[in-house]
S.K.: 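This is the structure I have questions about; it appears just below.
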Amino acid sequence: MTTPLPPIDPLDADELELARVLRALPGGEPSAALDAKILRASQDALAREAPRRRLLWAGGSSGALWGIGSAAAAILAVGIGWRLTTPPDSNLPVPRALPTVVDSASDQEAMPVEFKPQDQARREDAPAAAPPPPPPEPKQELPKRSVALPPPAPAPAAAPAAPEPFPQAEEFRASEPAPASVTEADAAREMDTTVAAPAAAASGAVTRDAREAYSERQRDEVLGRAAEAAKAAPAPVVGGRDGLAAQNAAHEETAASLDKLVEPDASLTATAWLERIRTRMKSGDADGARASLRLFVQRHPDRAIPADLRPLLGE
Amino acid sequence: MPGAERTDEDLMLAYGAGDATAFEELYVKHRGPLFRFMVRQVREHGTAEELFQDVWQKVIGARVRYRPDAKFTTWLYQIAHNRLTDHWRAQSHRPPIPEDAMERAEREPDPTTPERQLSAFEERRRLQLALEQLPADQRETVLLRLEQDLSLEEIAAITGVGRETVKSRLRYAMDKLRQRMNP
């Protein structure tokens with residue numbers, strides 16, 4: 001959890017002197033009846049929520065847990081598939097050179113140890129210089145190997161219902177730092193382009209059906225978030241450090257001018273402000289609407305965002 | 001979390017996750033300062049209680065959406081600030097300083113204080129009057145700064161203005177308070 005920083009400017013001597021007098025001023029306290037009323041309201045709110053929570057977790061055995069399990073299986077499948085489509089580095093000939101017997105015995109241990117740095121290096125290099133697309137040969141192996149994956153359990157028909165039961169998990173993921181989700185999404189996107197062809201060729205393959213049925217909606221969500229993050233993140237380095245700095249400066253300048261542009265919206269009442277955001281949307285000013293909504297969330301943290309405006313925040 | 005004191009942010013997250021005692025802990029800690037903040041703004045106990053209750057209702061209502069992006073105190077006072085703004089809007093203007101404020105203050109008994117020497121009581125009385133005569137923005141800023149011990153950045157976030165504006169409001173308010181405290 002992010003621990004907020006303590007105040008950076010403590011009271012000076014003058015302020016301390018006045019603060020001492022101010023704190024001694026009688027201010028009264030809320031009545032005991034009011035205290036009881038508020039505390040009761042806080043408990044009632046939880047009590048009202050309890051059946052909903054139970055409902056969410058009641059669906060756990062058939063819904064949420066299945067969904068989590070399937071998600072793990074899908075991620076595993078994507079990860080392994082990606083490795084299979086990635087040709088081993090030529091300076092690491094060990095797996096190919098070893099005799100078949102040794103290969104089968106040591107494959108599982110050797111793979112992660114030897115290929116991990118290579119994969120990592122490729123990911124790190126990716127933004128600077130795009131690696132050449134993987135050669136087509138390994139794609140042939142994919143369907144054969146992926147059959148050995150643990151099946152993502154029950155019938156794929158249940159997949160569309162899976163994401164509904166855990167909105168909290170969604171919220172949690174949405175609050176994760178952008179770079180991580182971008183990397184994951186990039187991997188998913190890369191897999192999508194390299195794996196989809198052989199998978200489509202092998203029509204009727206059980207693995208493909210199961211994976212597709214589950215992952216389509218999940219992937220769309222991930223890609224959607226990644227696209228948002230990519231939009232928000234600085235563009236890839238093109239002109240070196242200066243280019244990046246210039247892009248950052250331009251980005252900040254645009255954001256600052258947008259913030260200034262929507263600042264007057266803050267003088268409206270909350271309801272009128274939301275209407276103003278809708279008007280911006282209708283008039284095609286999506287950036288202004290988004291900036292205004294961000295400011296709204298900041299100024300009215302207690303307000304729920306209407307469903308029709310949530311997409312603006314990428315929710 | 002035995003042995004480790006939970007922060008306000010932890011408590012609010014815990015309440016959002018269904019822990020009722022976390023809310024009680026938060027409430028006990030913040031009820032006094034928040035209520036005084038309200039009373040000093042609206043100057044009337046009944047109205048302060050009404051607004052105070054509204055603020056906590058909003059905290060309760062927003063429990064699931066709470067994210068510890070800022071200090072809980074900042075978040076809480078931002079809600080209070082918004083509620084006060086709505087209140088002033090509904091009233092169409094901030095009520096004027098009571099005409100007899102000075103007289104009422106003068107009538108306050110202070111038998112133990114020697115003339116020309118400010119007793120603690122006199123100090124408090126003067127400060128109260130000085131506060132009442134401050135413009136609303138400056139008053140809110142100085143209360144958040146002196147009584148809630150918030151940083152300029154936090155006050156800026158709460159009141160929705162820039163840090164420099166907060167700094168300027170605070171400087172004017174402090175000058176006026178000093179003048180009235182030491183005529």
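Chain letters run A, B, ... following the sequence lines, proteins first and then strands; every chain starts at 1.
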S.K.: Check each atom of B/Asp8 against the heavy atoms of chain A and say whether the ones under 4.5 Å are side chain, backbone, both or neither.
M.R.: neither
S.K.: Mind ranking A/Leu295, A/Asp35, A/Leu39 by heavy-atom pairs under 4.5 Å with chain B and telling me who comes out on top?
M.R.: A/Asp35
S.K.: Name the option with the most non-hydrogen atom pairs under 4.5 Å to chain A; the candidates are B/Trp75, B/Phe37, B/Trp56.
M.R.: B/Trp75
S.K.: Please determine whether a side-chain nitrogen of the Lys or Arg among A/Glu29 and B/Arg31 lies less than 4.0 Å from a carboxylate oxygen of the Asp or Glu.
M.R.: yes
S.K.: I need the minimum non-hydrogen distance between A/Arg299 and B/Gln78, along with the two atoms involved.
M.R.: CA-NE2, 3.8 Å
S.K.: What residue, out of A/Gly28, A/Ala304, A/Ala41, A/Ala266, has the most heavy-atom pairs lying under 4.5 Å from chain B?
M.R.: A/Ala304
S.K.: What heavy-atom pair brings A/Ser42 and B/Tyr15 nearest, and what distance separates the two atoms?
M.R.: O-OH, 2.7 Å
S.K.: Tell me, yes or no, whether the heavy-atom count around A/Lys37 atom NZ, taken from other residues, nucleotides or ligands under 6.0 Å, exceeds 12.
M.R.: no
S.K.: Compute whether any side-chain donor of one residue and acceptor of the other, for A/Gln43 and B/Glu24, lie under 3.5 angstrom apart.
M.R.: yes
S.K.: Do B/Arg178 and A/Glu17 meet the salt-bridge criterion of a basic N to acidic O distance under 4.0 Å?
M.R.: no
S.K.: Which residue out of B/Arg36, B/Met38, B/Glu49 racks up the most heavy-atom pairs below 4.5 Å with chain A?
M.R.: B/Glu49
S.K.: Work out which heavy atom in A/Leu22 is nearest to a heavy atom in B/Glu147; give both atom names and the distance.
M.R.: CD2-CB, 3.8 Å
S.K.: Grab the two heavy atoms, one from B/Ala62 and one from A/Pro301, that are nearest each other, plus how far apart they are.
M.R.: CB-O, 4.2 Å
S.K.: Run the side chain to side chain contact (heavy atoms under 4.5 Å, CB included) test on A/Arg20 and B/Glu123 for me, step by step, so that the C-alpha distance in whole Å, both residues' side-chain angles and the decisive distance to 0.1 Å come before the verdict.
M.R.: CA-CA 10 Å; A/Arg20 180 187 60 77; B/Glu123 263 186 331; 3.4 Å; yes
S.K.: Contact part of B/Leu170 toward chain A, heavy-atom cut-off under 4.5 Å: side chain, backbone, both or neither?
M.R.: side chain
S.K.: Counting only non-hydrogen atoms closer than 4.5 Å, does B/Ile60 touch chain A with its backbone (N, CA, C, O), its side chain (CB onward), both, or neither?
M.R.: side chain
S.K.: Taking the side chain as C-beta and beyond, is there a heavy-atom pair between A/Ile305 and B/Arg65 under 4.5 Å?
M.R.: no
S.K.: If you measure from OG on A/Ser31 to CZ on B/Phe35, what distance do you get to the nearest 0.5 Å?
M.R.: 7.5 Å
S.K.: Counting heavy atoms not belonging to B/Tyr66, are there more than 12 under 6.0 Å from its OH?
M.R.: yes
S.K.: Can you measure from CG (A/Leu18) to CE (B/Met174) and round to the nearest 0.5 angstrom?
M.R.: 4.5 Å
S.K.: Walk me through whether B/Leu146 and A/Val21 qualify under side chain to side chain contact (heavy atoms under 4.5 Å, CB included).
M.R.: CA-CA 10 Å; B/Leu146 299 186; A/Val21 184; over 6 Å; no
S.K.: Could you tell me which of B/Arg124, B/Gln57, B/His81 has the largest number of non-hydrogen atom pairs under 4.5 Å with chain A?
M.R.: B/Arg124
S.K.: Strictly distance-based, threshold 3.5 Å: is any side-chain N or O of B/Asp149 a donor or acceptor partner for the main-chain N or O of A/Leu11?
M.R.: no
S.K.: Determine the minimum heavy-atom distance between B/Arg145 and A/Pro10, stating which atoms define it.
M.R.: NH2-O, 3.2 Å
S.K.: Could you walk me through whether B/Phe23 and A/Ile38 pass the side chain to side chain contact (heavy atoms under 4.5 Å, CB included) test, one step at a time?
M.R.: CA-CA 10 Å; B/Phe23 181 86; A/Ile38 292 169; 4.0 Å; yes
